[in-house]
Trainee: 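Please read through the structure below; I'll follow up with questions.
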Amino acid sequence: MSGFVVTGTDTGIGKTIFSAALTGALQGHYWKPVQAGLDDGADRDHVAHLSGVPAAHILPEAYR
């Protein structure tokens, strides 16, 4: 099994958008282990909407 880790040091730099594009392009699975801040919704919701992958490919966070 292989995977990618998308990291960044600031809010609003495009990690979620890039993750959605990568997940959609590879028809992969998305998992963000820790979700902090839910004012604008969880990142997994944005990735699900933007990537076009089946809902089963978007895994729940371990911690919110």
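Values in this document were obtained by computation on a predicted structure and should not be read as measured data. When reading the values below, keep in mind they use all heavy atoms of this one structure, side chains included, and skip hydrogens, waters and symmetry mates.
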Trainee: For residues Gln27 and Pro54, report the shortest heavy-atom separation together with the two atoms involved.
Mentor: OE1-CD, 4.2 Å
Trainee: Please list, chain by chain and in numerical order, all residues satisfying side chain to side chain contact (heavy atoms under 4.5 Å, CB included) with Leu50, sequence neighbours excluded.
Mentor: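 Side chain to side chain contact (heavy atoms under 4.5 Å, CB included) check on Leu50 returns Ile17, Ala20.
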Trainee: Can you list every pair that meets salt bridge (Lys or Arg N to Asp or Glu O under 4.0 Å) and has a residue in residues 8-23, with sequence neighbours left out?
Mentor: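 The answer is none; no pair qualifies.
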Trainee: Quick one: which residue pairs count as a side-chain hydrogen bond (donor to acceptor under 3.5 Å, both in side chains) with a foot in residues 43-52, not counting sequence neighbours?
Mentor: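 Only Thr16-Asp43, Lys32-Asp43 qualify under side-chain hydrogen bond (donor to acceptor under 3.5 Å, both in side chains).
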Trainee: Remaining members of Ile13's ILVMFWY cluster at a side-chain heavy-atom cut-off under 4.5 Å?
Mentor: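 Grouped by the 4.5 Å side-chain rule, Ile13 forms a cluster of one, so the answer is none.
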Trainee: Just list the side-chain donor-acceptor pairs under 3.5 Å for residues 56-64, sequence neighbours left out, or say none.
Mentor:
unit_1	atom_1	unit_2	atom_2	d
His57	ND1	Gly28	O	2.8

Trainee: In the hydrophobic cluster built from side-chain contacts under 4.5 Å, what are the other members alongside Phe4?
Mentor: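 Cluster partners of Phe4: Val6, Phe18, Leu22, Leu26.
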